J.: 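Pasting a structure here, questions to come.
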Amino acid sequence: GAGVSQTPSNKVTEKGKYVELRCDPISGHTALYWYRQSLGQGPEFLIYFQGTGAADDSGLPNDRFFAVRPEGSVSTLKIQRTERGDSAVYLCASSDQGATDTQYFGPGTRLTVL
Amino acid sequence: KQEVTQIPAALSVPEGENLVLNCSFTDSAIYNLQWFRQDPGKGLTSLLLIQSSQREQTSGRLNASLDKSSGRSTLYIAASQPGDSATYLCAVRRGDNFNKFYFGSGTKLNVKP
């Protein structure tokens with residue numbers, strides 16, 4: 001079956017603009033995660049959804065970042081008033097049991113803020 | 001806070017060599033540890049997952065060990081091939097918060113033909 005997909009694959013925007021990044025998890029997976037990966041670093045946790053609710057958003061760096069998953073499937077990560085420091089690869093992962101099961105990652109969205 | 005360190009940051013070996021990648025973590029109260037592979041421009045692919053109660057896991061030419069008390073894990077790759085060239089990341093899940101993975105910065109492996 002299809003894996004985790006993310007769109008767009010690349011996004012270039014100007015400082016101060018608003019962006020939305022989309023994640024389509026594997027069908028039936030209840031858990032969904034967003035991570036941010038800077039060059040040469042490992043992924044950094046942002047937020048975790050179990051179903052429709054954000055079970056843990058402690059990794060969001062500030063209130064410019066927000067994520068939703070209204071129907072428990074597709075998720076959107078929203079970044080307001082983008083800054084150059086937001087430039088990174090944003091990765092999405094899903095799993096079917098949350099705590100114990102393997103996370104399956106998407107290819108990521110490379111965000112560049114000019 | 002959990003800190004995860006991977007040594008070396010980069011490794012270059014000739015094809016056919018056996019090699020070991022190292023991962024250390026500061027808080028031994030983990031739930032599980034997972035090794036991933038990342039190819040350039042791609043997402044992460046899970047290789048092996050070790051629960052905190054386990055000592056090792058094997059898959060093909062890969063063997064991962066876990067010593068929770070000393071805060072260490074190793075990934076052993078036997079008979080390396082050029083197709084093994086990638087960045088290898090380890091990640092730990094805390095025992096008191098299943099939701100978060102804490103990742104190391106990875107080891108970039110180059111296997112020369």
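Proteins come first, then strands; the chains are lettered A, B, ... in the order of their sequence lines, and each starts at number 1. Values in this document were obtained by computation on a predicted structure and should not be read as measured data.
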J.: Kindly say whether the aromatic ring centers of B/F103 and B/F36 come within a distance under 6.0 Å.
T.: yes
J.: Evaluate the ring planes of A/Y35 and A/F105, with Trp represented by its six-membered ring, and classify them as parallel (under 30°), tilted (30 to 60°) or perpendicular (over 60°).
T.: tilted
J.: Of the backbone (N, CA, C, O) and the side chain (C-beta and beyond), which part of B/Q38 lies under 4.5 Å from a heavy atom of chain A, both, or neither?
T.: side chain
J.: Let me know if B/K42 has heavy atoms under 4.5 Å from chain A in its side chain, its backbone, both or neither.
T.: backbone
J.: So, A/S95 side chain and A/A31 main chain: donor-acceptor pair closer than 3.5 Å or not?
T.: no
J.: Quick check with a 6.0 Å cut-off and a 45 degree axis cone: is A/R36 positioned over the face of A/Y90's six-membered ring?
T.: no
J.: Given that the side chain runs from C-beta out, which part of B/L89 has a heavy atom under 4.5 Å from chain A: side chain, backbone, both or neither?
T.: side chain
J.: Looking at A/E20 and A/K11, is there a salt bridge between them, counting it only when a charged N and a carboxylate O are closer than 4.0 Å?
T.: no
J.: Is it the side chain or the backbone of A/Q37 that comes within 4.5 Å of chain B heavy atoms, both, or neither?
T.: side chain
J.: Let's test your reading of the structure: which of A/P107, A/S58, A/P43 forms the most heavy-atom pairs below 4.5 Å with chain B?
T.: A/P43
